Amino acid sequence: MAAAPHTLASRATGVRLRRVQRDPRWVRWSLTAIALAFLAFFLFLPLAAVFFEALRRGAGVYWASVRDPEAFSAIRLTLLTAAIVVPCNVVFGVAAAWAIAKFRFRGKALLTTLIDLPFAVSPVISGLVYVLVFGGQGWFGPWLIDHDIRIIFAVPGIVLATAFVTFPFVARELIPLMQAQGNDEEYAALSLGASGWQTFWRVTRPNIKWGLLYGVILCNARAMGEFGAVSVVSGHIRGETNTLPLQVEILYNEYNFSGAFAVASLLALLALVTLVLKTLVEKHSAES
Amino acid sequence: MPPARSRRSILPGFGLSMGFSLAYLGLIVLVPLAAAFLRAAGMDWPAFIRAVSSPRVLAAYRLSFVASLAAGAVNTVFGFIVSWVLVRYNFPGKRVVDALVDLPFALPTAVAGIALTTLYAPTGWIGQWTAPLGLRVAFTRLGVFVALTFIGLPFVVRTLQPVLLELEPEMEECAATLGAARWQTLFRVLLPELAPTLLTGFALAFARALGEYGSVVFISGNMPMRTEIVPLLIITKLEQYDYRGASAIAVVMLLVSFLLLLLINLLQKWSRRFQAT
């Protein structure tokens with residue numbers, strides 16, 4: 001039921017090998033060398049290139065690019081978008097996981113598949129569908145123009161498109177987790193006289209906190225880094241509807257490479273922080 | 001056997017959580033997606049066919065399909081090696097490498113796009129070595145393939161890793177006791193066992209590659225008929241205010257995605273049955 005394999009439950013490392021499972025030394029060494037070479041080529045080099053290009057013309061140029069007012073407004077819009085989208089998707093994720101994991105009803109498999117749907121949709125199409133609904137020629141286009149409300153080529157469109165592409169992250173993290181935990185603890189709490197809300201807050205929430213955090217980290221990374229969907233609905237109005245990834249594109253297309261890579265380096269740092277946090281959560285949840 | 005549960009749970013909040021979930025799902029996902037289908041349905045049949053089968057569109061389909069297929073295949077092979085090494089062997093810095101596998105997932109696609117373009121341009125770190133060999137990567141179809149390989153890798157590795165971890169050691173022991181060489185065990189015992197999982201990882205990487213936009217647009221050069229991928233074509237149509245044409249191509253892509261999602265679901269059911277036995 002997954003269009004992406006990232007769940008906390010599936011992350012574990014280390015296995016105790018029996019003797020027959022050990023490969024000969026030359027096999028071990030050559031496979032390790034192949035794997036590391038492939039990863040160096042495809043993962044490490046691009047990452048290194050971002051920072052190298054960003055700092056190539058010196059720290060002064062770097063700072064000037066990062067502190068440029070347009071970059072600054074892109075940072076603000078990116079943070080604002082994530083600050084709206086992530087909480088919305090958290091509330092949805094918890095509600096959907098509660099309904100799906102704790103109760104039995106018809107059409108559960110269908111609902112779970114529908115929640116995964118945005119992962120299967122191209123980001124460009126995720127933006128396109130909102131243009132078809134809210135754009136000038138869209139369903140609500142004329143009405144919106146009459147009432148002077150802008151959604152497409154404005155901040156609301158960016159928020160909606162981002163909500164679409166990050167929609168499944170929290171839910172798909174929590175559903176298998178809560179299903180595995182069962183209902184026994186909640187039944188115990190209720191029979192001891194706790195209210196429904198107390199049961200959720202005191203019993204369920206502590207049980208799902210690592211999974212929830214994991215989902216939030218992934219959701220946030222995608223929300224801040226989304227490019228395709230946002231690019232379709234943003235209209236690229238400088239200083240107004242540019243998120244950080246769009247700012248990278250604009251600077252790059254203007255051949256301002258050091259500027260583009262300076263802004264890109266902020267996003268690369270975000271990615272590294274995401275990876276570190278993700279690894280820490282994996283470690284903590286494995287220990288607890 | 002789990003104890004039988006009554007149909008009606010004593011837990012509260014079903015109506016509220018279900019109602020909110022359905023409303024949010026409808027507003028954010030289902031209604032907008034329906035808009036694309038309805039817009040395309042507003043076209044008559046010949047117009048729809050014309051929109052989705054012009055030579056330029058067909059060329060884009062072909063490029064997206066072939067490059068995604070090739071990237072998925074390369075990722076399946078190297079993803080298998082990477083996950084095998086990460087699960088079975090120890091080496092210094094393994095934890096860091098393991099965490100770094102998710103980089104394509106965490107790194108915004110636009111950043112990946114400009115980084116790969118810079119690396120593979122004729123003056124770049126990698127491009128300057130391939131260019132004298134007559135191998136141009138940036139601004140060719142090969143560049144599209146490189147970008148799609150970059151974004152697909154974690155899908156194969158992260159699908160394979162948990163399954164490799166849970167492989168029963170008895171299988172390999174049994175094969176060894178019966179006199180199989182290590183490579184025979186790999187090809188006759190392990191690979192058939194892992195086939196459904198490998199296929200799932202391949203399908204996930206392929207599905208992701210088909211729709212990918214950000215990392216490809218910079219490196220591909222975007223020449224119509226030659227290095228134009230389907231998502232880019234949708235954007236081009238939108239910029240020309242050809243909403244119907246864009247919707248028609250989008251509907252074809254959506255149908256392919258839904259089919260792939262269905263296929264992936266079936267594959268996962270199949271591989272789970274393998275593991276259960």
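Throughout, protein chains are lettered first and strands after them, A, B, ... in sequence-line order, and every chain is numbered starting at 1. Remember, predicted model here, so these are calculated numbers, not experimental data.
- A donor-acceptor contact shorter than 3.5 Å is absent between the side chain of B:Glu172 and the backbone of B:Ala175.
- With a 4.5 angstrom heavy-atom cutoff, B:Leu103 touches chain A via backbone and side-chain atoms both.
- Using a 4.5 Å cut-off between heavy atoms, B:Leu260 does not touch chain A at all.
- No other option in A:Leu31, A:Val133, A:Thr279 has as many heavy-atom pairs under 4.5 Å with chain B as A:Leu31.
- Proximity to chain A is limited to the side chain of B:Tyr89, based on heavy atoms less than 4.5 angstrom apart.
- Neither the backbone nor the side chain of B:Ile249 comes within contact range of chain A, judged by heavy atoms closer than 4.5 Å.
- A tilted orientation is assigned to the rings of B:Phe14 and A:Phe103, their planes being inclined by 30° to 60°.
- Of the atoms belonging to B:Phe91, it is side-chain heavy atoms, and not backbone ones, that fall under 4.5 Å from chain A.
- At least one donor-acceptor pair closer than 3.5 Å links the side chain of A:Lys108 to the backbone N or O of A:Ile100.
- Neither the backbone nor the side chain of A:Ile217 comes within contact range of chain B, judged by heavy atoms closer than 4.5 Å.
- Within the 4.5 angstrom heavy-atom criterion, atoms from both the backbone and the side chain of B:Tyr241 approach chain A.
- For a residue to count as touching a neighbouring chain, one of its non-hydrogen atoms must lie under 4.5 Å from one of that chain's; by this rule B:Ala207 does not touch chain A.
- B:Glu173 contributes no side-chain N or O that, together with a main-chain N or O of B:Glu170, makes up a donor-acceptor pair within less than 3.5 Å.
- Looking at B:Val146, both its backbone and its side chain come within 4.5 Å of chain A, counting heavy atoms on both sides.
- Contact annotation for B:Leu22: only side-chain heavy atoms (C-beta onward) come within less than 4.5 Å of a heavy atom of chain A.
- If you measure heavy-atom distances from B:Leu210 to chain A, you find no contacts under 4.5 Å at all.
- Interface residues of residues 35-44 of chain A toward chain B, defined by a heavy-atom distance below 4.5 Å and sorted by number: A:Ala35, A:Leu36, A:Phe38, A:Leu39, A:Phe41, A:Phe42, A:Leu43.
- B:Leu267 does not touch chain A: none of its heavy atoms, backbone or side chain, sits under 4.5 Å away.
- Counting heavy-atom pairs closer than 4.5 Å to chain B, the top residue among A:Thr32, A:Val248, A:Thr274 is A:Thr32.
- The nearest pair of heavy atoms linking B:Arg39 to A:Gly138 is NH2-CA, 3.7 Å.
- Both the backbone and the side chain of B:Ala246 come within contact range of chain A, each with at least one heavy atom under 4.5 Å from a heavy atom of that chain.
- Judged by distance alone, with hydrogens and angles left aside, the side-chain atoms of A:Asn256 form no donor-acceptor pair with the main-chain N or O of A:Leu251 at under 3.5 Å.
- Looking at B:Arg88 and A:Asp23, no side-chain N of the basic residue comes within less than 4.0 Å of a carboxylate O on the acidic one, giving no salt bridge.
- Heavy atoms of B:Val217 lying under 4.5 Å from chain A belong exclusively to its side chain.
- Only the side chain of B:Leu38 comes within contact range of chain A, with heavy atoms under 4.5 Å apart.
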